[in-house]
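Computed from a prediction, not measured in an experiment: that's the story for all the values here. Remember, it's 1-based here, ligands and their atoms both numbered in the order they're listed.
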Amino acid sequence: MKNNVNILGINFLNKGFNEVVELLSERIAKGIKTFVVTANPEIVMYARENDEYRKIVQEADYIVPDGSGIILAAKILNTPIQERVTGYDLTVRLLDLANQNRWRIYLLGGKEETNKKAVANICEQYPHLVMAGSHNGYFKGKEDKIADEIKAANADIVFVALGFPRQEKWISSHYATFSKGIFMGVGGSIDVLAGEVKRAPVVWQKLNLEWFYRLAKQPSRWRRMLALPRFLVEILKVKR
Ligand code: UDP
């Protein structure tokens, strides 16, 4: 099985969920700076149509397959990917490991209330991790100040929840100034951590229908979700 699988120009890491977690833990233990993109079909399509964003995503150390659309595409192209590695699952597992290892966490993003609630829930559920700092995701004009604050927090993991493409752009434009830390765009995961949005029940996830659950819960997402059929059309073109 290939170590990386290319889907419409995006090179996905082809490792199981546990292997990815192990890889990231090792890098945290060694203090190796790491940029992770959890890419779904929307991100792949956006990267395809936007040169600047594509370059940013391609700079990442690891791009993991967030979403069953990516797994399906890999299957259609006869280059199967082992399994889904979602941003939310990765976040939860890393928080658990942070709790065991007393890692330092920084949570950037969400509305002020959401960020506060997420921090409170994390501190309650994972009392041994160090909440090294947090800030809401609306900080226009204070870009450098926030980056300095994160540097001072000396975080092992910086979760960046600004939604795509903003979160990857933010990571990329400040990455060079950091000397350590896992930097990962986690989008709407912060809303789930804050208890404001529910993750699809496991049965829906197993049936690969998480996207449908999200659409039913947040119908305003329908326009963005049109990326999914467009993505599949592109995959079928490549297949031919
Ligand atoms: N967000 C933010 N700053 C922004 C735009 C969005 O902090 O400038 C937050 C938003 O409040 C939400 C999270 O990013 O908590 C995820 O947004 P969205 O659902 O659009 O992202 P996705 O999950 O699709 O990446």
Output the set of protein residues with a heavy-atom contact under 4.0 Å to ligand 1, ordered first by chain identifier and then by residue number.
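G109, G110, K111, G137, Y138, A161, L162, G163, F164, R166, G187, G188, I190, D191, R214, R221, R224.
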Identify, with sequence neighbours excluded, every residue that meets ring-ring contact (aromatic ring centres under 6.0 Å, His included) alongside Y46.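 In terms of ring-ring contact (aromatic ring centres under 6.0 Å, His included), with neighbours along the sequence ignored, Y46 is linked to Y53, F164.
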- Query: Sequence neighbours excluded, which residues qualify as ring-ring contact (aromatic ring centres under 6.0 Å, His included) partners of F183?
  - Reply: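 Scan of F183 (ring-ring contact (aromatic ring centres under 6.0 Å, His included), adjacent residues dropped) gives Y175, F178.
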| message | What's the separation between atom CG in L129 and atom CH2 in W103, rounded to the nearest 0.5 Å? | response |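 Rounded to the nearest 0.5 Å, the CG-CH2 separation comes to 10.5 Å.
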Can a salt bridge be assigned to the pair K151 and D148 using a cut-off of 4.0 Å between side-chain N and carboxylate O?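 Looking at D148 together with K151, the answer is yes, because their closest N to O distance falls below 4.0 Å.
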Looking at every non-hydrogen atom in both residues, tell me the closest pair between N3 and K15 and how far apart they are.
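Nearest pair, atom of N3 first, then K15: OD1-NZ, 3.7 Å.
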Pair listing, salt bridge (Lys or Arg N to Asp or Glu O under 4.0 Å) test, anchored in residues 68-88, at least two apart:
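As it turns out, the salt bridge (Lys or Arg N to Asp or Glu O under 4.0 Å) pairs with a partner in residues 68-88, which skip direct neighbours, are R84-E210.
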